[in-house]
Amino acid sequence: MNSVKVGLLGLGTVGGGTVKVLSRNAHEIMRRAGRGIEVAHASARDLSKPRICDTTGITLTQNPFEVVNNPELQVIVELIGGTDQARELVLRAIANGKHVVTANKALIARHGNEIFAAARDKGVMVAFEAAVAGGIPVIKAIREGLAGNRIEWLAGIINGTGNFILTEMRDKGRDFADVLAEAQRLGYAEADPTFDVEGIDAAHKLTILASIAFGIPLQFDKAYTEGISRITRQDVGYAEELGYRIKHLGIARRTEEGIELRVHPTLIPHRRLIANVDGVMNAVLVKGDAVGPTLFYGAGAGAEPTASAVVADLVDVVRTLTSDPENRVPHLAFQPDALSDLPILPMEKVETAYYLRMQAQDRPGVLADVTRILADQNISIEAMLQKAPANGDGSVPVVILTHRIREQQMNEAIRRIEALGTMAGPVMRMRVEHLKG
Ligand code: HSE
């Protein structure tokens, strides 16, 4: 049988990796898919740039619309990133009756509902395994492998750059900016690295995971997002002293009132497996009612790990080219007419435990004021650390761990503590999660 002809939009890190993996493993891929998969046409912004792959035999163009309009191609792989032109190209490819494979998490998180509706109308597939956690096949695991479960919650380290920065800061005492520059050199970071460090990239991925776990529409605009740029080396050290690691987690949880959808720095007990996921590696912990906790671990970024997911999607698409569109695995795991309208909870309604760090004046009654405010809000203290004065200004760092409480009550407590007049600067707050099975 003839090879399936594929068009590739973008020949950068992931595009180059995809061409390399398809060519190196061509024989294995043909044995799996039943047909060869051939990149016939590709677009790149700058054709004079050196490539990490051999492009011999591929027609190259600077105009991506030439690729999506090429009638010879059956599948378009979108690897240019961004949301404006990528959306236009993907919708055009679908309108032209082509299947789409994409690694674009921003595109799926923000425009996935529209794109999947268009794909359903045309009977084509849109596959996006590479959009979440790079090479880890977590979309397939949740959508298919865990299909017998009611998923209760999931928590993931889903941004390699952020995890790399936190790990290097903890292990080597390196500066934030220095580690970020290295991550950019290695091709892990987004074009705009604030997407990595402020949690936007993780929120894109979490939005997708929550939709396939709970069968809800994609609702990126309702995700709570907080980055890692305010974490100090002292926080990392205090967390360790208390038996915790700080990780930048995306958490989605089903509650009776709605779905929690939140990305923020989180203290987790240091003995948990996920607390020991270091460097650029990603991991997603998924709790199903039947299976219990499951952990998926692997490289979340980089040329070939991401290409691994892109090529797996290509194999899936090729295997199901001739199947009845009504009987394919639904894009969001649940049948489109069976999606739930459970609301996304506002952060004030989320219940979690907390780490608080404040710089308090070292004189009688200051701690008593703080603990009274916490008691007034019904907040119970789990542990407390007071360190020796360091600044010579008569103030001391105080660290408090609390039991679980609604965020709204914690907000009120922090507002009142900051108004005491005995604090030097704002209270640093991080959430604490025990992630028990
Ligand atoms: N910037 C992303 C990360 C790349 O660091 O994880 C993979 O999505």
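For ligands, and for the atoms within them, numbers begin at 1 and follow the listed sequence. Throughout, residue positions are numbered sequentially from 1 according to the sequence presented. If you're wondering where the values come from, they're calculated on a predicted model, not measured in any experiment.
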Salt-bridge test for Glu78 and Arg87: reply yes if a basic N is under 4.0 Å from a carboxylate O, no otherwise. no

When you compare the side chain of Tyr244 with that of Leu401, does any pair of heavy atoms fall below 4.5 Å? yes

Tell me which residues fall inside the under-4.0 Å heavy-atom shell around ligand 1. Lys105, Asn159, Gly160, Thr161, Tyr188, Ala189, Glu190, Asp196, Asp201, Lys205, Gly300, Ala301

Non-neighbouring partners of Asn149 that pass side chain to side chain donor-acceptor pair (under 3.5 Å), sequence neighbours left out: none

Heavy-atom check, side chain of Val138 versus side chain of Asn282, under 4.5 Å: no

Is a donor from one side chain sitting under 3.5 angstrom from an acceptor on the other, for Glu240 and Tyr238? no

Examine the side chains of Arg429 and Asn411 and answer whether a donor and an acceptor come within less than 3.5 Å of each other. yes

